[in-house]
Amino acid sequence: MTIEQLNKILLISLLLVCAIWLIIPFTMAVLWSLVDPSEPWTADKVLPPVISLYRWVDMWENSSLKSALIASYTLAPSAALLSLLLAMPTSFALGRLEFPGRELAKMLCLLPLVVPAFITAIFFTSLLYQVGLSSWRPGAILFAHAILFMPFAIRIMTVSFEQVRQDHIDAARNLGASHWARFRVAYLPALKPGIFATLLIVFIQSIEEFAIAFIVGSPDIVTIPTLLYAALGQDYVRPNAAVLSLILVVPNVILMLILERLLRSANPTLSSGKG
Amino acid sequence: MTLRRGLLIIGLLTPGLGLILALIGTVVYIAVSQSFGFYSLNGISEFSTEFWSKMVGRKIFKRSIQYSIYIGVLSAIFSVALAYPLAIWLRKPFAGSNLIGAILKAPLLVHGLVAAFLFVNVISYHGILNQFMQWLGIWSEPRRLQNDPNAYSVLILQTWKNMPFALLLLTGAVQSISDDVLDAARDLGAGKWDRFRRVIAPLTISSMQAAMVIIFIGAVADFSFQVIAGPTNKQSLSQLMVSFKGRGDWHSAAVVGVSLMVIALVGSAILAAVARIIMRGRIK
């Protein structure tokens, strides 16, 4: 058997495994989200007997879905922007300045990724109680998200700052460009993909984040993941959980594909690693 | 370095690294202090080892530790063991290899809670798996697969979610090995297995350790997979910590939290060291 034949067999078997792994579960979720409550989908039927969008409409009108969507989609862009702004000076220092302890500083920036999320969530809540800010929940979640996902922002922006070419900066300076003009012509073009990638990755991480939103936000603030968690636990209704799963997963897959395109030239390991 | 430059660098690092250190530092400090009775939210704050001694004697705590380590270690091993052959297979591009890479990476895009729901949906009592097995005639009646006592569901979910991450790290490492090195090994008569243990394994060990450690830390602190798909008679450390916190018992939650941090730290070091020793042993 040649290598090509072997690859073909491996390929087909792998696609089969992936069908079981991805296609079947997602098809089941789509079908469950379409089950009409007038007739239940029992085990003896291959497909749901009555199909309708009732569950989608019902979830939209009669659950906290709307407020969860608003909360998630206001929180995430704010966290992305805040994280980017806070990460910029540090990334500039790490990417363009030589100083003793730079490697150590780079390592320390990864700290939020090593401490388990639930520990951060619980003792951050405790801290909020200690300093009397426990009613400041939306701000607290925003602050925590911006800082916890800053490792991604710092890593990406450090690489972007490293890629700014010194001769461009020097040329701009020789031509008499002001600080702002130098930033615009020499830095910005090299930083742009990094800025987009940072905004996108923190956005996605924040939309998906569960521990902080669940512990710090409960019970007042509902995001999509905490709503899904509730739908899977205390009020488990399978079609509703299916609707929520699809609402959480579909936009993120599209955003991730855009991110992948943005980062194709960059190191892929920078953009991954969510749990 | 002049004083001015030093101040400039510190000033630049403060909003980013400074805030990270402040937040994580405070969180760890509060956790450790609360585990020793300080910063009480509903009583007197004074030094006490009572919370530790009480917790250590509890059966539920011991079981949680064992269970979390079981999940953490096995998830890391399974993910890396599955990712290695795939990374080597995908080392050189061939027709369809991009598609395979994309499909294998897909779980990275799926939220853990969604993955848990999809999985529970498939294995439920009247789910498609049960029906399929009955249709094949292998099982005569549906079986209860959800929340199985050995936590196979949790292990499957962890591996499903984390294998792509290990694959990402290992693919990078495996692809950076030049053909010359592998050809040289082949010329010297090394078979497939020898090429793996003498060339690929030693050259990719740091990526492998990184993957192991990151997956271990994530899995040992698992909450959502355990709550949704895990055994009902066992609790993971995160779950135990959340339940103490829910009852307002912050000090016990802190004891569990600090233990979890120590286990994550020590466990990572042991895993990384063991991986290195095993690989070294093979190189001889």
Side-chain angles (χ1 to χ4, degrees), chain A residues 7 10-11 14 18 21-22 24-26 28-29 32 43 86-87 89-93 97 99-100 105 108-109 111-112 114-120 122-124 126-127 129-130 144 147 150 154 208 210-211 215 225 228-229 232-233 238 241 245 248-249 252-253 256 268-269 272-275, chain B residues 1 9 11-17 19-21 23-24 26-28 30-31 34 39 41 89 94 96 100 103 106 108-114 116-119 121-122 126 128 131 142 160-161 165 168-169 172 214 217-218 221 223-224 227-228 238 241-242 245 250 253-254 257 260-261 264:
Chain A
N7 270 343
L10 281 171
L11 187 71
L14 194 79
C18 286
W21 234 207
L22 290 171
I24 292 178
F26 273 104
M28 296 298 290
W32 269 106
L86 292 173
T90 295
S91 313
F92 175 78
L97 303 177
F99 59 92
L108 287 175
C109 286
L111 217 52
V114 193
V115 180
F118 271 91
I119 293 185
T120 316
I122 287 185
F123 297 101
F124 180 58
S126 171
L127 173 69
Y129 278 117
Q130 311 283 354
I147 291 178
M150 223 196 301
I154 291 178
E208 298 200 332
F210 171 63
I215 300 286
L228 176 60
Y229 178 74
L232 287 172
R238 206 186 296 186
S245 295
L248 184 57
V249 90
N252 286 4
V253 169
M256 279 293 222
T269 48
S272 64
K274 63 200 183 63
Chain B
M1 201 164 69
I9 285 167
L12 286 170
L13 292 181
T14 306
L17 180 58
L19 275 179
I20 288 178
L21 291 179
L23 178 69
I24 301 293
T26 320
V27 160
V28 173
I30 292 228
Q34 281 196 322
Y39 291 107
L41 288 161
W89 179 43
F94 55 86
I100 298 175
I103 292 176
L108 280 177
L109 313 184
V110 180
H111 194 278
L113 286 169
V114 176
F117 165 69
L118 294 177
F119 183 71
N121 200 8
V122 165
H126 288 302
I128 193 163
Q131 285 180 321
W160 186 85
K161 187 81 184 108
F165 178 66
L168 207 62
L169 290 185
I214 293 172
I217 293 178
F223 176 81
S224 24
V227 173
I228 293 163
S238 289
M241 179 173 68
V242 171
K245 182 252 165 193
W250 289 87
L260 176 54
M261 277 192 280

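In what follows, chains carry the letters A, B, and so on, assigned in the order in which the sequence lines appear, proteins first and then strands, with residues in each chain numbered from 1. FYI, side chains are in, hydrogens and waters are out, and symmetry mates aren't considered; it's all heavy atoms of this structure.
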Measure distances from L248(A) to the heavy atoms of chain B and classify the residue's part below 4.5 Å as side chain, backbone, both or neither.
side chain

Considering only heavy atoms, which portion of L232(A) lies under 4.5 Å from any heavy atom of chain B: side chain, backbone, both, or neither?
side chain

Taking all non-hydrogen atoms of both residues, which atom of [X] and which atom of [Y] are closest, and how far apart?
| X | Y | answer |
| --- | --- | --- |
| A29(A) | F117(B) | CB-CE2, 4.2 Å |
| I24(B) | P112(A) | CD1-CA, 3.8 Å |
| G257(B) | I119(A) | O-CD1, 3.3 Å |
| Q34(B) | Q130(A) | NE2-NE2, 3.3 Å |
| M150(A) | P15(B) | CE-O, 3.9 Å |

Could you tell me the separation between the CD1 atom of I228(B) and the OH atom of Y229(A), rounded to the nearest 0.5 Å?
6.5 Å

Residue pair [X] / [Y], side-chain heavy-atom distance below 4.5 Å:
| X | Y | value |
| --- | --- | --- |
| F99(A) | L12(B) | no |
| V242(B) | I122(A) | yes |
| L108(A) | I20(B) | no |
| F118(A) | L260(B) | no |
| W250(B) | S126(A) | yes |

Just so I understand: if I count every heavy-atom pair under 4.5 Å between each of C109(A), A144(A), P116(A), G233(A) and chain B, which residue has the most?
C109(A)

Option in L17(B), I217(B), V122(B) with maximal non-hydrogen atom pairs under 4.5 Å from chain A
L17(B)

Checking heavy atoms, do the side chain of L113(B), its backbone, both or neither come under 4.5 Å from chain A?
both

Chain A heavy atoms under 4.5 Å from I103(B): which part of the residue, side chain, backbone, both or neither?
both

Distance-only, no hydrogens or angles: does the T90(A) side chain make a donor-acceptor pair with backbone N or O of T14(B) under 3.5 Å?
no

